[in-house]
Amino acid sequence: AEAQKAHLSGQAGRHSRRGRSEKAGAPRARRHGKGHRGRVTGRSAEGAARSRGAGGIRASASGDGEKRGLLISATGTGKTYASAFAMRELGFKSVLFLVHRNQIATQAERSYKNVFGSSVTTGVVGGGSYGFDADLVFATMQTMCKDENLSRYAPDHFDCIVYDEAHHTAAGSYKKIMDYFDPKFSLGMTATPDRRDSDMDGRNIYELCDYNVPYEISLKDAINKGMLVPFHYYGIYDDTDYSALHIVRGKYDEKELNETYIGNVHRHDLIYRYYCKYGSSQALGFCCSKAHAEEMAEEFSKRGIPSVAVYSNANGTYSEDRGKALEKLKNGEIKVIFSVDMFNEGVDITSVDMVMFLRPTESPTVFLQQLGRGLRKSKGKEYLNVLDFIGNYEKAGRVRFLLAGANETGEKNYRGADRIQVPDDCLIDFDMKLIDLFSEMDKKNLRIREQIQKEYFRIRDLLQRRPTRMDLITY
């Protein structure tokens, strides 16, 4: 195993490349290693990914002299273990592992203990724990960003700082921590990097990590290698009309969504019928609000499907503590958990065999995180059923690009009939009505894009230079 890691480290280093993106002046991320093609099954695939990830990080931090890096690895492929092996191989004895929820800190500490053994001390900071003096500190961002806690350490105290779910680093509280510490190396980890998640200064996650990617394995690669189970995705036409609903800061108004969903018997029946059609023993349903989750749990329970709702500060008739709900789901006491963004990150529910999206898909990051909750391998589990109820909401067609590993900016083109874009053994099936809906939305978006392009060139010709954002507003 050590020989394999050494070999992969050198291999990852040789894969380093630099370049400029097509966008003028925008650096392209430097990638040191990517998941190789070829299907490997079971634990061997996950172990190989961890080794390659660790090797890429080590090559970046030592041989290449980088100060920051971004590990991109699909949910369920062992990001935490890869970082732990890298820290051990680099000889880092003082590490700060930052998370945004205490449960994730505890899980990460357990993983690092498995790698380091008793050679170092570990401690959790946050949620009533105060392990500030440990060699390896696993802290919640909310606790660590306080001035009195930062001042416990010299800026160069830690050899490395690991930012778990690094797409959150755009938040101001993370920036405060990043500005205070000066470690030998900073490592961001995420399954869902998105350039649109930017901080208050407009910097995206790649820029925050100096455009350095030591290792990357996509969702498609992870499924093709047998590290995750395939998905059978069904895009189901939902005739709910979203055209009159208001969008506030990029999201539909929660109150208006509630008014649209709550008491909508037709929609309840639609969701229930498709749930029964594909069948499930353990399912997750993602809702838009606490009231929505509560009502869905009630409606399913009335129909003979034992269900609960899980959300923060739960106090409803069908609500349940997250930990207890998971135990009941595993034990077969309930069949479905309806949740409001409580299972996006850091929760392993390997036996879940169905995921239902019951609200508009507005964030690529959240969609991929929630999809990933059901993709982990489990005994007897061949694939994950995904039921997505799609109406005429804004960005409804975005899911096509997310599932195929493409995007909407032109870097890759989505072609529905091209099965090459679909991971091995996966199924993507859209209702014919949705295909017509997407076609109409694409035409509308194209018209808008053409109008923007015409305006850009008009102003450029007028000013005889590349216009700034303010120029576009002024002229």
Side-chain angles (χ1 to χ4, degrees), residues 68 70-71 73 75 79-84 87 92 94-116 120-155 157-183 185-193 197 199-200 205 208-209 310-314 321-323 326 339-349 365-366 369-370 372-373:
R68 295 178 179 178
L70 177 64
L71 174 65
S73 187
T75 299
K79 292 186 295 294
T80 303
Y81 271 105
S83 70
M87 298 303 105
F92 290 165
S94 180
V95 177
L96 173 61
F97 194 102
L98 280 171
V99 301
H100 66 286
R101 200 163 60 235
N102 191 66
Q103 182 184 12
I104 303 176
T106 303
Q107 292 174 354
E109 181 190 29
R110 190 181 307 121
S111 299
Y112 268 65
K113 280 183 176 180
N114 290 338
V115 173
F116 279 88
V120 295
T121 60
T122 65
V124 172
V125 171
S129 299
Y130 306 96
F132 290 100
D133 297 327
D135 298 320
L136 310 180
V137 178
F138 301 84
T140 59
M141 171 275 300
Q142 298 89 336
T143 301
M144 185 55 68
C145 73
K146 296 178 180 178
D147 291 335
E148 60 269 27
N149 292 332
L150 287 175
S151 63
R152 290 172 176 266
Y153 304 102
H157 176 84
F158 293 105
D159 294 326
C160 183
I161 298 181
V162 180
Y163 297 89
D164 188 46
E165 304 296 351
H167 46 274
H168 291 296
T169 55
S173 47
Y174 274 93
K175 185 177 184 298
K176 180 179 179 181
I177 296 172
M178 296 176 78
D179 289 344
Y180 178 82
F181 286 110
D182 184 27
F185 190 69
S186 294
L187 176 66
M189 303 194 304
T190 183
T192 54
D197 291 334
D199 67 4
M200 60 187 68
I205 183 174
L208 292 168
C209 294
V310 174
Y311 48 85
S312 58
N313 302 318
D321 171 76
R322 179 170 58 183
L326 290 175
S339 170
V340 186
D341 293 341
M342 289 289 284
F343 294 100
N344 292 5
E345 301 159 339
V347 180
D348 295 335
I349 320 169
T365 297
V366 172
Q369 286 174 337
Q370 294 179 342
R373 296 278 69 85

Worksheet item: Going from CG on Leu98 to OG on Ser186, what distance comes out if it is rounded to the nearest 0.5 angstrom?
Response: 9.5 Å
Discussion item. Using every non-hydrogen atom in the two residues, find where Cys160 and Phe92 come nearest and quote the distance to one decimal.
Written reply: CB-CD1, 3.5 Å
Worksheet item: Should the pair Tyr174 and Tyr163 be assigned to parallel (<30°), tilted (30 to 60°) or perpendicular (>60°) ring geometry?
Response: tilted
Discussion item. List the residues meeting salt bridge (Lys or Arg N to Asp or Glu O under 4.0 Å) with Asp159, not counting sequence neighbours, and say none if there are none.
Written reply: Lys184
Discussion item. What I'd like to find out is whether the side chain of Lys113 reaches to under 4.5 Å of the side chain of Arg110, using heavy atoms alone.
Written reply: no
Worksheet item: Taking all non-hydrogen atoms of both residues, which atom of His100 and which atom of Gln142 are closest, and how far apart?
Response: O-NE2, 3.0 Å
Item to complete: Measure across Tyr180 and Ser151 and return the closest heavy-atom pair with its distance rounded to 0.1 Å.
Response: OH-CA, 3.9 Å
Fill in: Pair Asp147 + Lys176, salt bridge at N-O below 4.0 Å
yes
Practice prompt. Could you pull out the closest heavy-atom pair between Leu71 and Ala82, with the gap in Å?
Written response: CD2-CB, 4.3 Å
Worksheet entry | Taking every non-hydrogen atom, the tightest pair across Gly188 and Ala166 | CA-CB, 3.7 Å
Discussion item. Going by the rule side chain to side chain donor-acceptor pair (under 3.5 Å), which residues pair with Thr106 if we only count those two or more places apart in sequence or in a different chain?
Written reply: none
Worksheet entry | Exam field: side chain Asn149 to backbone Thr143, donor-acceptor pair closer than 3.5 Å | yes
Worksheet item: If you round to the nearest 0.5 Å, how far is CD of Glu165 from CZ of Arg101?
Response: 9.0 Å
Worksheet entry | Minimum heavy-atom distance between Ala139 and Leu96, given as atom pair plus value | CB-CD1, 4.0 Å
Fill in: Intermediate values then yes/no, side-chain contact (heavy atoms from CB on, under 4.5 Å), Met144 and Leu150
CA-CA 6 Å; Met144 185 55 68; Leu150 287 175; 4.3 Å; yes
Item to complete: Taking Arg322 for its side chain and Val310 for its backbone only, find out whether a donor-acceptor pair lies under 3.5 Å.
Response: no
Worksheet entry | Atom pair CZ (Phe116) and CD (Glu109), whose distance is rounded to the nearest 0.5 Å | 12.5 Å
Worksheet item: Is there a side-chain contact between Val99 and Met141 (heavy atoms, below 4.5 Å)?
Response: no
Fill in: Ser83 side chain reached by Met189 side chain, heavy atoms, under 4.5 Å
yes
Discussion item. Under 3.5 Å, is there a donor on one side chain and an acceptor on the other for Thr80 and Tyr112?
Written reply: no
Distance-only donor-acceptor hits, side chain of residues 129-138, under 3.5 Å, sequence neighbours excluded:
| unit_1 | atom_1 | unit_2 | atom_2 | d |
| --- | --- | --- | --- | --- |
| Asp135 | OD2 | Thr121 | N | 2.9 |
| Asp135 | OD2 | Thr121 | OG1 | 3.2 |

